[in-house]
2 protein chains.
Amino acid sequence: MTDDDRVFKALADPSRRFLLDLLFARDGRTLTELESELEMTRFGVAKHLRVLEEAGLVVVRRSGREKLHFLNPIPIRQIHDRWIDKFTEQHVTALIDLKQSLEEQ
Amino acid sequence: MTDDDRVFKALADPSRRFLLDLLFARDGRTLTELESELEMTRFGVAKHLRVLEEAGLVVVRRSGREKLHFLNPIPIRQIHDRWIDKFTEQHVTALIDLKQSLEEQ
DNA sequence: AAGTTAGGTGACCATTTGGTCACCTGTCAA
DNA sequence: TTGACAGGTGACCAAATGGTCACCTAACTT
């Protein structure tokens, strides 16, 4: 399995994306803390975190018996750069900003 | 299935990512033209293109009996914006540019 | 009109994936 | 040192996924 395959497979599951959302909101959480936010057993969450870690989307730091989880944005940026060149980026961000401001009315 | 679920599921397959790569290099191709680039039957490719289309990653235009496929970068940008805020973006792009220039030596 | 070309449909099968469970290791606190 | 707490492992099962095939419709060509 290639690196980018691991990243995209990891992102394919809604529970794993939710875990990334949680870490985006606040970094450095333990498995047990994250587990309380999902309707799933600890084993399920641990499995998902492992997939995210092997994909490099989450990096961990051990502290005693705890394992702290952090979001790594670099693979996300690389997805972006794969299909959006510098030129297109300007158009796309402008379009999205426009869409946003229209929806806010 | 939610919109973003469709996008991430669509991106989870290497053949579909390769199709996006092909369309990123050159837009407006037909099924038959794309098929010739993959080691897979037409049916397989058609199925993949349909998944990409339903995810909004590819948009199509009919022209007679041909169906032309175009890459839509907007969902990709939205993935980026979900986990990378404006502040982090600067750091991340700087890091990636640095990594690039180091690898070129 | 007849043959060819572009693409679509539904069934089918092998493999992968998400989630749970019984059980285990290591670490902190009284 | 004895619990309690944080996390890991391997087996297992139901469901989803990737790919192929037989067969079909619609459009261009001569």
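Each chain gets a letter, A, B and so on, in the order the sequences are listed, and its residues count up from 1.
- In this structure, B:Thr32 reaches the C:dG7 phosphate: one of its side-chain N or O atoms is under 4.0 Å from OP1 or OP2.
- More than 12 heavy atoms of other residues, nucleotides or ligands lie within 6.0 Å of CZ in B:Arg82, so this atom counts as buried by the packing criterion.
- A heavy atom lying under 4.0 Å from DNA chain C marks none of the residues of residues 48-58 of chain B.
- A salt bridge does not link A:Arg61 with A:Glu66: every distance from a Lys NZ or Arg NE/NH1/NH2 to an Asp or Glu carboxylate oxygen is 4.0 Å or more.
- Rounding to the nearest 0.5 Å gives a distance of 10.0 Å between OG of A:Ser15 and CD of A:Glu39.
- Each of B:Met1 and A:Lys47 was assigned the nucleotide of DNA chain D with the nearest heavy atom; the assignment lying further toward the 5' end belongs to A:Lys47.
- Near-neighbour residues of DNA chain C inside residues 2-30 of chain B, defined by a heavy atom below 4.0 Å, number-ordered: B:Thr30.
- Counting to the nearest Å, the C1' atom of D:dA4 and the CD atom of A:Glu66 are 14 Å from each other.
- Between A:Glu35 atom CD and C:dG19 atom P there is a gap of 14 Å when expressed in whole angstrom units.
- A:Val45 approaches A:Glu35 most closely through the heavy-atom pair CG2-CA, 4.0 Å.
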Counting primed atoms, P, OP1 and OP2 as sugar-phosphate and everything else as base, the B/S/- map of nucleotides 23-30 of chain C against protein heavy atoms under 4.0 Å is B--BBS--
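- A side-chain N or O of B:His48 and one of B:Arg16 form a donor-acceptor pair less than 3.5 Å apart.
- A heavy-atom distance below 4.5 Å is found between the side chains of A:Arg17 and B:Asp5.
- For B:Ala12, the side chain to side chain contact (heavy atoms under 4.5 Å, CB included) test picks out A:Ala12, with sequence neighbours left out.
- At distances below 3.5 Å, at least one donor-acceptor pair connects side-chain atoms of A:Thr30 with backbone N or O atoms of A:Glu33.
- Residue A:Ile74 holds its CD1 atom at 9.0 Å from CD1 of B:Ile84, rounded to the nearest 0.5 Å.
- Atoms CG (A:Leu34) and C1' (D:dA6) sit 13 Å apart, rounded to a whole Å.
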Can you list, pair by pair, the side-chain donor-acceptor contacts under 3.5 Å of residues 90-97 of chain B, counting residues two or more places apart and other chains?
residue : atom : partner : partner atom : Å
B:Thr93 : OG1  : B:Glu89 : O            : 2.9
B:Thr93 : OG1  : B:Gln90 : O            : 3.0

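- Separating the CG atom of B:Leu68 from the C1' atom of C:dG7 is a distance of 13 Å, rounded to the nearest angstrom.
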Show the numbers, then the answer: is there a salt bridge (charged side-chain N to carboxylate O under 4.0 Å, His left out) between B:Arg77 and B:Asp81?
CA-CA 6 Å; B:Arg77 180 66 196 189; B:Asp81 292 347; 3.3 Å; yes
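- Each end of the helix from C:dA1-D:dT30 to C:dA30-D:dT1 gets its own rotation axis from five pairs of C1' atoms, and the angle between them is 30° to the nearest 10 degrees.
- The backbone N or O of B:Leu52 lies less than 3.5 Å from no partner atom in the side chain of B:Arg6, so there is not a single donor-acceptor pair.
- Atom C1' of nucleotide D:dT25 and atom CZ of B:Arg62 are separated by 11 Å, given to the nearest angstrom.
- Comparing D:dT20, D:dA11, C:dA6 against the side chain of B:Met40 picks out D:dT20 as the nearest.
- Considering B:Leu57, B:Asn72, B:Leu20 as possible partners of A:Trp83, the one that fulfils the side-chain contact (heavy atoms from CB on, under 4.5 Å) test is B:Leu20.
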